[in-house]
Amino acid sequence: MTAPDAFLGAINSLPTGTFTGTARQSRYVVSHQIMAGGKSHKLVAHQLGGPDYISLNLYLTKNSGALLRPCEMPAEKVVTFVLSLVPDVQK
């Protein structure tokens, strides 16, 4: 799936490293890594006190654009999560 522009803006505004935040009225601990000189993002989130889990890779390519690769879940789930995520700390 090609990542929507709003998603790209949202993921780029997230802090790197491990942080906590709120999405859809639930609390999460989130790990966000930027690799390959900014060409790749990895995000993993675990709901605090709940079962929800989010995992995705994002590849920024010259030929194909921004390729979103959710890990064993629908792309819509990870897009909704990133768009709604409000970190406790700002970048």
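Reckoned from all heavy atoms, side chains included, excluding hydrogens, waters and symmetry mates. Positions are given from 1, in the same order as the sequence printed here.
Looking at residues two or more places apart in sequence or on another chain, you find no salt bridge (charged side-chain N to carboxylate O under 4.0 Å, His left out) involving Lys39.
What you find for Leu85 and Ala23 is that their closest heavy atoms are CA-CB, 4.0 Å. Ala10 and Leu83 get closest at one heavy-atom pair: CB-CD2, 4.0 Å. Nearest approach of Ala36 to Ser40, heavy atoms of both residues: CB-CB, 4.4 Å.
In the hydrophobic clustering of ILVMFWY residues, with side-chain heavy atoms under 4.5 Å counting as a link, Tyr59 and Val78 come out apart. Linking ILVMFWY side-chain heavy atoms closer than 4.5 Å, directly or via other members, places Val86 and Val44 in two distinct hydrophobic clusters. There is a path of hydrophobic side-chain contacts, each under 4.5 Å, that joins Tyr53 to Ile11. In the hydrophobic cluster analysis, where Ile, Leu, Val, Met, Phe, Trp and Tyr join through side-chain heavy atoms closer than 4.5 angstrom, Tyr28 is grouped together with Met73.
A distance of 6.0 Å separates CG of Leu56 from CG of Leu68, quoted to the nearest 0.5 Å. Taking CZ from Phe7 and CZ from Phe81, the interatomic distance works out to 10.5 Å, rounded to the nearest 0.5 Å. Atom CG of Asp88 and atom OG1 of Thr20 lie 3.5 Å apart (nearest 0.5 Å). Once rounded to the nearest 0.5 Å, the distance linking CG of Asp52 with CZ of Arg27 reads 14.0 Å.
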For the pair Leu8 and Leu58, evaluate side chain to side chain contact (heavy atoms under 4.5 Å, CB included) and give the outcome as yes or no after the intermediate values.
CA-CA 9 Å; Leu8 295 175; Leu58 175 67; 3.8 Å; yes
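Here the side chains of His41 and Asn12 are in contact, with some heavy-atom distance below 4.5 Å. Contact of the Ser26 side chain with the Arg24 side chain is not registered, since no non-hydrogen atoms from C-beta on lie closer than 4.5 Å.
The backbone N or O of Lys77 lies less than 3.5 Å from no partner atom in the side chain of Thr80, so there is not a single donor-acceptor pair. Judged by distance alone, with hydrogens and angles left aside, the side-chain atoms of His32 form a donor-acceptor pair with the main-chain N or O of Pro15 at under 3.5 Å.
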